[in-house]
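I have placed the structure first, in the form of structure tokens, so that the comments after it can refer back to it.
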Amino acid sequence: MRSPRQLPQTFYARSARTVARRLLGARLVHFDQGRRIGGRIVEAEAYCDSDEPDLGCHGSANKGRPTSRTAVMFGPPGFAYVYFTYGMHWMFNVVTGAEGMANAVLIRALEPMEGLEVMAKRRQRPEWEWTNGPAKLTQALGIERELNGASLYGADSVIWIEADEVVGDDAIAAGPRIGLGNMPEPWHSMPWRFWIRHNPYVSRA
DNA sequence: AGGACGATTAACT
DNA sequence: GTTAATCGTCCTG
């Protein structure tokens with residue numbers, strides 16, 4: 001194992017909503033060039049929760065059948081689903097639930113904890129803006145296409161999540177997901193975005 | 001083959 | 001509040 005606290009595959013083998021909530025306070029680590037870059041997860045969103053249809057979720061494209069892009073989502077839990085969007089941004093998700101279900105959790109914001117000097121070189125801004133958005137955190141941690149499909153629970157993983165701070169239910173807030181655009185109701189308003197209350201690193205949108 | 005658009009961000013009025 | 005940047009993916013024909 002990379003760390004005694006590295007989350008096992010069983011952690012991810014639950015509904016996306018459950019995993020999204022339990023991921024708050026945990027630490028995402030990218031082991032890059034022999035050094036740890038990472039931070040505490042403070043915001044996450046569930047997509048294609050359990051077996052409910054979720055239009056607008058990538059897994060619902062192509063009539064709910066896997067495509068080359070979404071294949072990883074349909075695979076077993078505990079793997080990274082990394083995709084490219086808007087012609088310039090990378091997004092990091094963890095695959096959850098049962099194999100074949102296309103469930104995933106988007107990591108939307110972190111509190112920087114390790115490798116700050118690397119993040120600083122990659123992002124010319126005040127520290128609180130380094131990782132307060134899904135495409136900002138991937139840039140800060142150096143997450144790109146080669147991590148798509150990477151195992152998060154393996155003994156020699158290069159990216160994984162560790163148990164860290166315990167966040168109580170009363171410190172967690174929930175609300176509609178961000179940036180859904182044309183996603184129809186009821187999914188547009190489903191409260192599947194979770195974040196730590198009063199945390200300065202949560203995305204502002 | 002072609003076009004619309006995106007789980008976003010930074011810059012500008 | 002509005003908009004450009006920038007290109008892979010999916011849907012239509």
Side-chain angles (χ1 to χ4, degrees), chain A residues 12 15-21 23-24 28 39 41-50 52-75 77 79-97 101-110 112 119-149 152 159 161 173-195 200-205:
Chain A
Y12 302 100
S15 78
R17 269 141 68 192
T18 299
V19 173
R21 277 176 29 87
L23 240 24
L24 298 179
L28 174 62
I41 297 168
V42 301
E43 179 181 351
E45 287 178 350
Y47 283 87
C48 293
D49 185 76
S50 55
E52 291 186 54
D54 183 5
L55 302 188
C57 164
H58 295 167
S60 298
N62 191 34
K63 300 174 183 168
R65 301 293 309 156
T67 67
S68 58
R69 183 199 205 187
T70 63
V72 174
M73 283 186 93
F74 285 87
F79 288 79
Y81 167 48
V82 179
Y83 70 89
F84 184 64
T85 191
Y86 289 103
M88 62 192 92
H89 298 307
W90 294 96
M91 303 284 186
F92 174 79
N93 302 250
V94 301
V95 177
T96 71
M101 297 304 269
N103 300 352
V105 170
L106 170 71
I107 306 305
R108 284 194 56 88
L110 306 174
M119 298 186 198
K121 286 181 193 165
R122 291 174 173 161
R123 183 152 280 285
Q124 198 69 326
R125 307 220 125 224
E127 181 187 325
W128 64 274
E129 293 188 349
W130 291 352
T131 54
N132 66 340
K136 295 181 187 178
L137 94 246
T138 55
Q139 187 186 1
L141 270 62
I143 296 170
E144 294 195 1
R145 71 157 42 74
E146 81 262 9
L147 292 179
N148 186 42
L152 303 174
I159 186 163
I161 302 176
R177 295 172 292 184
I178 299 209
L180 268 41
N182 298 325
M183 190 187 291
E185 296 293 357
W187 303 288
H188 191 91
S189 302
M190 290 304 232
W192 292 346
R193 171 185 179 228
F194 303 92
W195 68 94
Y201 298 96
V202 168
S203 73
R204 60 195 203 82

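So that the names make sense, note that chain A is the first sequence line, chain B the second, and so on, each numbered from 1.
- Nearest to the side chain of A/Leu106, among C/dC7, B/dA10, B/dA7, sits B/dA7.
- When distances are taken from the side chain of A/Arg123 to each of B/dA7, C/dT6, B/dA10, the shortest belongs to B/dA10.
- Listed nucleotides: C/dC7, B/dT8, B/dA7. Nearest to the side chain of A/Ala135: B/dT8.
- In this structure, the side chains of A/Thr131 and A/Gln139 stay at 4.5 Å or more apart for every pair of heavy atoms.
- Nucleotide B/dT8 has C/dA5 as its partner under the Watson-Crick or G-U criteria, with both atom distances under 3.5 Å.
- Note: CG (A/Asn132) to C1' (B/dA7) measures 16 Å, nearest angstrom.
- Pair assignment for C/dC11: B/dG2, on the basis of Watson-Crick or G-U wobble contacts that are both within less than 3.5 Å.
- Centroid-to-centroid, the aromatic rings of A/His89 and A/Phe84 stay 6.0 Å apart or farther.
- Side-chain N or O atoms of A/Asp49 include one that pairs as donor or acceptor with a backbone N or O of A/Ala16 at under 3.5 Å.
- Nucleotide B/dA7 holds its C1' atom 17 Å from the CE atom of A/Met190, rounded to whole Å.
- In this structure, A/Met88 places its CE atom 10 Å from C1' of B/dA10, rounding to the nearest Å.
- Mapping A/Gly133 and A/Gly181 onto DNA chain B by nearest heavy atom places A/Gly181 at the nucleotide closer to the 5' end.
- Here the side chains of A/Trp195 and A/Val42 are not in contact, with every heavy-atom distance at 4.5 Å or above.
- Between the CD atom of A/Glu45 and the P atom of B/dA7 there is a distance of 11 Å, given to the nearest Å.
- Between the CZ atom of A/Arg125 and the C1' atom of B/dA11 there is a distance of 9 Å, given to the nearest Å.
- Atom-to-atom, OH of A/Tyr86 to P of C/dT3 comes out at 15 Å; the value is rounded to the nearest Å.
- For the pair A/Trp128 CH2 and B/dT9 C1', the interatomic distance rounds to 13 Å; values are reported in whole Å.
- Each of C/dC10, C/dA5, B/dA7 was ranked by its minimum atom distance to the side chain of A/Tyr47; first place goes to B/dA7.
- Judged by distance alone, the side chain of A/Thr70 and the main-chain N or O of A/Met73 form no donor-acceptor pair under 3.5 Å.
- Rounded to whole Å, atom P of B/dG6 lies 11 Å from atom CZ of A/Arg69.
- The separation of B/dG2 from C/dT6, taken at their P atoms, amounts to 23 Å, rounded to a whole angstrom.
- Along DNA chain C, the nucleotide nearest to A/His89 and the one nearest to A/Lys63 differ in position, and the one closer to the 5' end is contacted by A/His89.
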